[in-house]
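Working notes, beginning with the structure itself.
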Amino acid sequence: SQQENDKQLAAQAAVALLADGMTVGLGTGSTATAALHAIAARKLSITGVPTSRQTAELAMALGIPLADINEVPHIDITLDGADEFTVSLDLIKGGGGALLHEKIVAVRSRQLVIMTDASKLVERLGKFRVPVEVIPFAVRYVQEQIAGMGAACTVRPDVVTDEGNLIVDADFGLVESPSALGARLKSITGVVEHGIFAGIATLVFMGDNGTVRRFPQ
Ligand code: DER
C-alpha cells in the first residue's frame with residue numbers, strides 16, 4: 001500500500017544516518033521493523049538496544065548483535081515510529097504497548113529519529129488516545145484519577161507489558177500542552193509512564209506519497 005511504501009521510505013532515510021560501530025536504539029512497531037530489515041540488508045555492523053522483547057527477537061533473527069541497555073556507555077541514535085507527531089516534534093507513542101522501554105531508550109539516546117508516514121502528522125496531539133502504563137495494583141485508582149481529569153479511559157484488553165504492567169488508553173481530546181499533560185499523568189500514584197514524548201525527538205522523517213519530508217524542515 002502507499003502507506004507501507006511511505007513507511008519504508010522513512011525507514012530507509014533514517015537508516016542512512018547509521019554508521020558502523022554505532023550503538024543504536026531499535027524501536028517497536030511496523031516502521032521500526034522495516035528499519036531493522038534495512039539495517040540487515042545494508043549489512044551495517046551496529047550494536048542494537050531493543051525497546052521490546054518483540055524487537056529483540058526480530059533483531060536476533062536478522063543477526064543484529066544486541067546489548068543490554070545497562071551495559072552500553074551510551075546510545076548514539078534511536079530509530080522508532082510514532083502514532084502521532086506535530087511539527088514541533090511532540091509525539092504520541094505506545095500504540096504497540098512498548099512505550100516504557102521506548103521512552104527509556106529514547107531519553108538515553110543522543111538522537112531520537114522518528115519514522116512515519118503522512119497519516120501521523122497532526123496539528124495538535126490527541127486524535128490518538130494517550131497510552132498510560134500502570135501498575136496492576138493501581139489500575140482502578142488511576143482510571144478514577146484520569147476520569148476526574150475529564151478523560152474517558154479504558155484498560156487495553158489482553159495486554160501485559162514487558163514489565164508486567166497494564167496499559168490504559170485515555171481520551172483527553174486535543175491536547176493543549178503535551179508537556180503539562182504529561183507531567184500531570186506522571187504525578188498520579190501508580191502511573192509508571194505515558195506515551196506523550198514532548199521535547200525528546202530530534203528529527204522526524206515522514207514518507208509522503210513517494211517522497212520523504214523531514215522535520216524540522
Ligand atoms: O507503539 C509505538 O510507539 C510504535 O512506535 C507505534 O507508535 C508506531 O507503530 P507503526 O510504526 O506500526 O505505525
Side-chain angles (χ1 to χ4, degrees), residues 1-15 24-39 48-59 69 75 77-86 89-109 111-122 125-134 154-163 165-171 175 178 182 185 192-209 212-213 215:
S1 73
Q2 182 62 58
Q3 179 174 40
E4 279 153 5
N5 184 54
D6 285 342
K7 286 182 171 186
Q8 179 66 32
L9 289 175
Q12 293 292 345
V15 170
V24 181
L26 305 176
T28 297
S30 63
T31 316
T33 294
L36 278 176
H37 285 282
I39 290 168
V49 177
T51 55
S52 64
R53 199 172 302 130
Q54 168 194 338
T55 290
E57 285 165 5
L58 175 58
I69 187 169
I75 300 172
I77 184 170
T78 288
L79 309 184
D80 205 344
D83 297 297
E84 281 187 344
F85 79 96
T86 66
L89 274 58
D90 290 330
L91 321 172
I92 289 182
K93 284 177 60 54
L99 68 101
L100 176 58
H101 285 199
E102 288 176 330
K103 193 177 277 188
I104 296 166
V105 170
V107 296
R108 193 168 180 238
S109 303
Q111 295 182 73
L112 173 61
V113 177
I114 298 297
M115 313 164 287
T116 74
D117 67 280
S119 71
K120 310 294 183 71
L121 175 58
V122 292
L125 296 182
K127 186 163 54 101
F128 196 90
R129 290 193 294 168
V130 178
V132 183
E133 181 150 343
V134 182
T154 56
V155 181
R156 205 176 284 186
D158 309 323
V159 167
V160 175
T161 69
D162 287 351
E163 293 288 348
N165 296 318
L166 302 176
I167 301 269
V168 169
D169 291 296
D171 183 356
V175 178
L185 287 171
V192 178
E193 196 46 79
H194 56 78
I196 296 173
F197 285 49
I200 304 175
T202 47
L203 180 60
V204 174
F205 284 117
M206 182 186 86
D208 185 10
N209 275 314
V212 180
R213 291 171 60 190
F215 301 83

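Every value quoted in this text rests on a predicted model; they were computed, and no experiment measured them. The figures here come from the full heavy-atom set of this structure, side chains too, leaving out hydrogens, waters and symmetry mates. Indexing begins at 1, ligand by ligand and atom by atom, following the structure's order. Counting from 1, the numbers follow the sequence of the chain as shown.
The minimum heavy-atom distance linking Arg108 with Ile69 is given by the pair NH1-O, 2.6 Å. Among all heavy-atom pairs drawn from Val15 and Ala38, the shortest one is CG2-CB, 3.9 Å. For the residue pair Asp169 and Arg129, the shortest heavy atom distance occurs at O-NH1, 3.4 Å. Among all heavy-atom pairs drawn from Gly95 and Pro131, the shortest one is N-CG, 4.3 Å.
The environment of CD in Glu4 is sparse: at most 12 heavy-atom neighbours from other residues, nucleotides or ligands sit within 6.0 Å.
Ligand 1 lies under 4.0 Å from heavy atoms of Lys7, Thr28, Gly29, Ser30, Thr31, Asp80, Gly81, Ala82, Asp83, Lys93, Gly94, Gly95, Gly96, Glu102, Lys120.
Residues passing the ring pair (Phe, Tyr, Trp, His ring centres under 6.0 Å) test with Phe215, sequence neighbours excluded: Phe85.
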